[in-house]
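Beneath this line is the structure, given in structure tokens, with notes to follow.
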Protein chains: 2
Amino acid sequence: MSENQGVQSVDRALRLLELLSAHDEGVKLTDLAREAGLATSTVHRLLTTLEMRGFAQAEAGSGRWHVGRRAFEVGSAFTRQHHFVAPALPFLRRLRDRTHETANLGVIEGGEVVTLSQVESREIIRAISPPGGRAPVLCSGMGKAIIASWSDDAIDRLVARYGLRKITARSLFSPEAVQHEIAEVRMRGFAVDDEEYVPGLRCVAAVVWSPQGEAAFAISISGLATRMTPERVTECGGIVCELARELTAKLGGRAP
Amino acid sequence: MSENQGVQSVDRALRLLELLSAHDEGVKLTDLAREAGLATSTVHRLLTTLEMRGFAQAEAGSGRWHVGRRAFEVGSAFTRQHHFVAPALPFLRRLRDRTHETANLGVIEGGEVVTLSQVESREIIRAISPPGGRAPVLCSGMGKAIIASWSDDAIDRLVARYGLRKITARSLFSPEAVQHEIAEVRMRGFAVDDEEYVPGLRCVAAVVWSPQGEAAFAISISGLATRMTPERVTECGGIVCELARELTAKLGGRAP
DNA sequence: GTATACATTCCACGATACGGAAATTTTAGC
DNA sequence: GCTAAAATTTCCGTATCGTGGAATGTATAC
């Protein structure tokens, strides 16, 4: 076992699970082996072990492999740890109904925002991160909304640790740009992802506070940039903030 | 590696994930080792491997271990494979709004029903299976609704393969009881879990059909038996059936 | 029907994963 | 604050396990 890399076969199996989850339509064993850089016999053995416990399954007929239901069962435990996900759902729905855009709820984990819950608008936009999806904190409306509540030192440490990823032409590219952006968020009370993660997509987010006065999580709406004009962003920002305040109150939270 | 048991360390790691998911408030390493029947050093090594890939995480402060966000991300892929989960959500909401009970959507996987989606009523009843939760097919309203569309031979094979588990005093206990129950479901058009899985809890379910005329999944409502009187069950059965028919139509399905 | 690709099984070998022991850290009780 | 107990983390010798290449079996494409 090489230094600090954990148990090799477990690491490999988890890697295969991650790859499976990236293939919504399933993937053939040989292709998976190629993607993972492993021998087909190794991948076969690891997959059948995952299958035995229900974490992976082979589709009858095509033989393509998929994430299995035990992965869903285990993964659901993650959201159950966040007791706010269920009570937040009616607020996401109202947010969606008032803005006619997809409403999201997310938290920061590591240097990324994870979408925990979502209520889609009538128009389903595939580019929007689904539940389980993630984005770098600094390319995400929800991420920027949450870290705007942090100290400047803490933000600098995040930037130093995870860096700045230039995913689109509009991604934040320098520590100065980050500082300027965070100042904007603090002034406005909401954050905007202005095509920084996905070209053509805008997102408006605000934080929900915990009883301890910390930014527990964020809620947001996402929509096409063609529709989300600057005027519309301001309007939606007000709505997101209003519902974030109501949800804070509902959960017994308080802004600092 | 003993015969037909897959890769030992992978199997163990997955076992640990399952155990973590059963502890919503987290679990200490020593307790987990005891539960898994493994040495603490082994569990430590496996947990840190899971942690490296984000499938498990140790809670700062208490040191208790939890399912990590990558498990949620991977697990979410499972519901994305079921393209009907998202479009079904508005119907679950309407079902909840009309009956004032918790609405659920589930599929059969193995000899069990897995809850894929849920819209809770105002009164949160902890005994109801959350998303990711599972119940034996023959103790579940959704399970019985789905298999009532199968041939008698297929039902007999299910019973033979998975058996009948007497979980409560009211669980189905014999193949004859199963046959009688299935006949009732077919006659009524909906299934009822009459405290067969959880004492004090009733559930009314109907199937949603696929374009191929097969029972794709089921939707249901669950409520306390004190409130779900026989009259109420009949009333709710009609509503569940109505919404199941509408959802079938919406998804381009057809009853056989 | 044949060639190719994919999936599955086998097996020799060496590296890895194991668990007990020891060391370190944390917690509980007084 | 001190001490004992419990929990966690690290170390290490050993033998079992996991590996990938080869062989075999099955499915697919032409």
Side-chain angles (χ1 to χ4, degrees), chain A residues 1-68 70 81, chain B residues 1-68 70 81:
Chain A
M1 174 164 73
S2 47
E3 216 49 33
N4 293 329
Q5 287 184 348
V7 178
Q8 180 182 254
S9 47
V10 172
D11 183 67
R12 285 176 165 185
L14 297 178
R15 172 76 179 136
L16 293 180
L17 266 182
E18 287 171 353
L19 291 175
L20 286 183
S21 76
H23 289 274
D24 283 355
E25 306 305 315
V27 63
K28 285 178 157 285
L29 189 147
T30 318
D31 292 330
L32 193 58
R34 196 173 303 123
E35 234 183 296
L38 295 172
T40 53
S41 53
T42 302
V43 170
H44 188 262
R45 190 172 50 247
L46 294 169
L47 280 181
T48 54
T49 306
L50 289 165
E51 182 180 38
M52 281 170 188
R53 281 210 174 264
F55 282 77
Q57 62 197 27
E59 184 183 340
S62 78
R64 302 173 81 85
W65 288 83
H66 295 267
V67 172
R70 282 306 175 97
Q81 288 167 48
Chain B
M1 177 163 71
S2 48
E3 214 50 31
N4 293 328
Q5 287 182 348
V7 178
Q8 178 181 257
S9 44
V10 172
D11 183 67
R12 285 177 165 184
L14 298 177
R15 172 75 180 139
L16 292 179
L17 268 182
E18 287 171 352
L19 291 174
L20 286 182
S21 76
H23 289 275
D24 282 356
E25 306 306 315
V27 62
K28 286 179 155 285
L29 188 146
T30 316
D31 293 329
L32 193 57
R34 194 175 305 123
E35 236 183 295
L38 295 173
T40 53
S41 52
T42 302
V43 170
H44 187 261
R45 190 173 50 246
L46 294 169
L47 279 181
T48 54
T49 306
L50 289 165
E51 181 180 38
M52 281 171 190
R53 281 213 173 260
F55 282 77
Q57 63 198 24
E59 185 183 342
S62 76
R64 301 174 82 86
W65 289 82
H66 294 266
V67 171
R70 284 303 177 99
Q81 288 167 48

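To find a chain, count down the sequence lines: A is the first, B the second, and so on, and within it residues start at 1.
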So which one's nearest nucleotide on DNA chain C is more toward 5', A:Val27 or A:Val10? A:Val27
Picking from C:dC18, C:dA17, C:dT8, the nucleotide nearest the side-chain atoms of A:Gln8 would be C:dA17
Counting only distance, no hydrogens or angles, is the base of C:dG20 paired donor-acceptor with the side chain of B:Ser41 under 3.5 Å? yes
Test item: A:Glu59 side-chain N/O and A:His66 main-chain N/O as donor-acceptor pair under 3.5 Å: no
Within the 4.0 Å heavy-atom criterion, would you say B:Arg64 contacts the bases, only the backbone, or no part of the nucleic acid? nothing
For the CZ atom of B:Arg34 and the NZ atom of B:Lys28, what is their distance to the nearest 0.5 Å? 11.0 Å
Atom CG of A:Leu46 and atom C1' of D:dG18 are separated, to the nearest Å, by 9 Å
Would you indicate which nucleotide in D:dT19, C:dC18, D:dA7 comes nearest to any side-chain atom of A:Ser9? D:dT19
Between A:Ser62 and B:His44, the residue closer to the 5' end of DNA chain D by nearest nucleotide is B:His44
Nearest whole angstrom, please: distance from the C1' of C:dC18 to the CZ of B:Arg45. 6 Å
Just verifying a value: how many Å separate A:Arg53 CZ and B:Leu17 CG, rounded to the nearest 0.5 Å? 10.0 Å
Give the rounded distance in Å between these two atoms: NZ of B:Lys28 and P of C:dT26. 11 Å
To the nearest Å, give me how far apart CG (B:Leu47) and C1' (D:dT8) are. 11 Å
Grab the CD-C1' distance between A:Glu59 and C:dA7 for me, whole Å please. 16 Å
Would you tell me if any nitrogen or oxygen in the side chain of A:Thr30 comes within less than 4.0 Å of OP1 or OP2 on C:dA7? yes
Before giving the answer on side chain to side chain contact (heavy atoms under 4.5 Å, CB included), spell out for A:Glu51 and A:Trp65 the whole-Å C-alpha distance, their side-chain angles and the decisive distance to 0.1 Å. CA-CA 9 Å; A:Glu51 182 180 38; A:Trp65 288 83; 3.6 Å; yes
Please tell me if the side chains of A:Asp11 and A:Gln5 come closer than 4.5 Å, counting only heavy atoms from C-beta onward. no
Which whole-number value in Å describes the distance from A:Glu35 CD to C:dC6 P? 14 Å
Rounded to whole Å, CZ of A:Arg15 lies from P of D:dG18 at a distance of 21 Å
Atom CG of A:Leu38 and atom P of D:dG21 are separated, to the nearest Å, by 11 Å
Listed nucleotide nearest any side-chain atom of A:Val7, set C:dA17, C:dA7, D:dA7: C:dA17
